[in-house]
Amino acid sequence: MINISVVGSINTDFVFTSNELPKPNETIMGNQFNINYGGKGANVSVSASRLGAKVKLFGAIGDDIFSKENLKNLKNQKVNIANVITLPNTVGGAAGINVGSGTNSITVVSGANGKYGKEQIASKLDLILSSNVVATQLETNVAGVKFLIEQCYKNKTTLVFNPSPIIDLSENLLKKCGYIIVNEVEIKKLPNYQSDNQMLEHYNGKLVLTTGSNGVYCFENGVKHINSLKVKAVNTTGAGDTFLAAFCVAIAEGKKVFEACEFANVCAGLKVTKQGTQTGMPTIDEVNKFLKKDKK
Ligand code: RIB
């Protein structure tokens, strides 16, 4: 069984579903409200676990009711939570999510996640690095994420980085990542961006671009494109996290970048057909069933 370490956030998602996303200064009526388990780190952990990996999550929660429920859920999803710390007098991460038709917009408040940084990572470094692959994003303390990237590079551990929510990052740091997964908004914020293809070529196989219904781009002996699944998207929340998790699983299994993207593309495509961020993430059996049908 493959092992994945996720250093990342744990949030409670407050989800408002409507026909279209509200525009600035507009009030609209929605048709559904849900409180869901979320956070990019937790989502990746749950997705990788459902895809059959052994997952250790490194992160922080608060001492509020929602944080406690989050922890129970992670345990139920077979994620190893032994290294999730509870911070006293702190509220856990929260996200306000608007889901429209096939799109979403998210506001995140870090809470405890923002306090999970260099010191906490350093104290668990050996354990983090002992996995086949390490996954991280940018919802925990940024200095901590930068430290993690440096340490994975130094110790030759494959790190898959999804710089989301995107911030200014140096090329020097990005080049130290094993793989970088970005969407169409994030790629434009990478240093020295001129065009998508130029970036893919520049990072020479390290960079993967996901564009929702327009598919996935990667670089393996030239720029390669993979079509997205022809499915009806009912909820795209967590699709990026599913892609990241599946990509990590495939890389840990020894697949090369194109093949890993193909697998991740299927997993993310199956996710968007279902409601619920984590509950909609496919299991390995569901993915295999789909792949078998697809081949017929
Ligand atoms: O990627 C989706 C996630 O982004 C949500 O679960 C929300 O918590 C935010 O972190």
Side-chain angles (χ1 to χ4, degrees), residues 6-17 21 32-51 55 57-62 64 66-67 69-71 73-74 77 79 84 91-100 102-116 135-142 144-145 160-167 180-186 208-212 216 233-248 264 267-282:
V6 179
V7 179
S9 60
I10 302 159
N11 292 339
T12 305
D13 291 351
F14 299 88
V15 186
F16 300 82
T17 306
L21 294 184
Q32 210 179 314
F33 171 69
N34 297 88
I35 301 179
N36 287 345
Y37 302 115
K40 294 186 191 299
N43 293 346
V44 170
S45 303
V46 168
S47 176
S49 168
R50 289 166 83 107
L51 292 172
V55 184
L57 174 59
F58 298 80
I61 54 165
D64 54 296
F66 293 121
S67 289
E69 291 300 316
N70 262 303
L71 214 52
N73 166 62
L74 286 162
Q77 293 287 340
V79 173
V84 174
V91 70
I97 304 184
N98 287 305
V99 177
T103 51
N104 66 61
S105 66
I106 305 179
T107 307
V108 179
V109 176
S110 316
N113 299 307
K115 297 186 178 166
Y116 195 82
T136 198
Q137 300 123 317
L138 278 170
E139 278 187 349
T140 49
N141 181 283
V142 172
V145 173
V160 186
F161 182 37
N162 168 221
S164 178
I166 190 78
I167 54 167
I180 308 149
I181 299 180
V182 287
N183 65 19
E184 61 271 60
V185 176
E186 290 149 7
V208 171
L209 168 64
T210 62
T211 66
V216 179
V234 298
N235 187 344
T236 56
T237 317
D241 302 327
T242 305
F243 188 95
L244 174 60
F247 184 86
C248 289
C267 296
L270 292 177
K271 155 64 203 84
V272 303
T273 62
K274 297 212 179 135
Q275 287 294 354
T277 305
Q278 295 182 2
T279 51
M281 290 169 165

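Read the numbers this way: they start at 1 and go in the same order the structure lists the ligands and their atoms.
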Determine whether any heavy atom of Gly39 lies closer than 4.0 Å to an atom of ligand 1. yes
Smallest separation among heavy atoms of [X] and [Y], with atom names:
{"X": "Ala135", "Y": "Cys248", "value": "CB-SG, 3.7 Å"}
{"X": "Gln77", "Y": "Arg50", "value": "OE1-NH1, 3.2 Å"}
{"X": "Thr242", "Y": "Pro282", "value": "CG2-CD, 4.0 Å"}
{"X": "Val99", "Y": "Leu21", "value": "C-CD2, 3.8 Å"}

For ligand 1, is any non-hydrogen atom under 4.0 Å from Asn36's backbone (N, CA, C, O), its side chain (CB onward), both, or neither? neither
d(Gln137 CD, Ser9 OG) to nearest 0.5 Å is 6.0 Å
Could you grab the distance from atom CG of Leu71 to atom CD1 of Ile61, nearest 0.5 Å is fine? 4.5 Å
Can you find an N or O of Ser9 that's nearer than 3.5 Å to an N or O of ligand 1? no
Protein residue, atom and distance nearest to [atom], heavy-atom basis:
{"atom": "atom 4 (O) of ligand 1", "value": "Lys40 NZ, 3.2 Å"}
{"atom": "atom 2 (C) of ligand 1", "value": "Asp241 OD2, 3.3 Å"}
{"atom": "atom 3 (C) of ligand 1", "value": "Asn43 ND2, 3.6 Å"}
{"atom": "atom 10 (O) of ligand 1", "value": "Glu139 OE2, 2.6 Å"}
{"atom": "atom 7 (C) of ligand 1", "value": "Asp13 OD1, 3.3 Å"}

May I ask you to list the atoms of ligand 1 that are less than 4.0 angstrom from any heavy atom of Gly38? 6 (O), 8 (O)
Atoms of ligand 1 under 4.0 Å from any heavy atom of Ala95, numbered from 1 in the order shown, are 7 (C), 8 (O)
Gln275 vs Asn34, test: side chain to side chain donor-acceptor pair (under 3.5 Å). Steps then yes/no. CA-CA 11 Å; Gln275 287 294 354; Asn34 297 88; over 6 Å; no
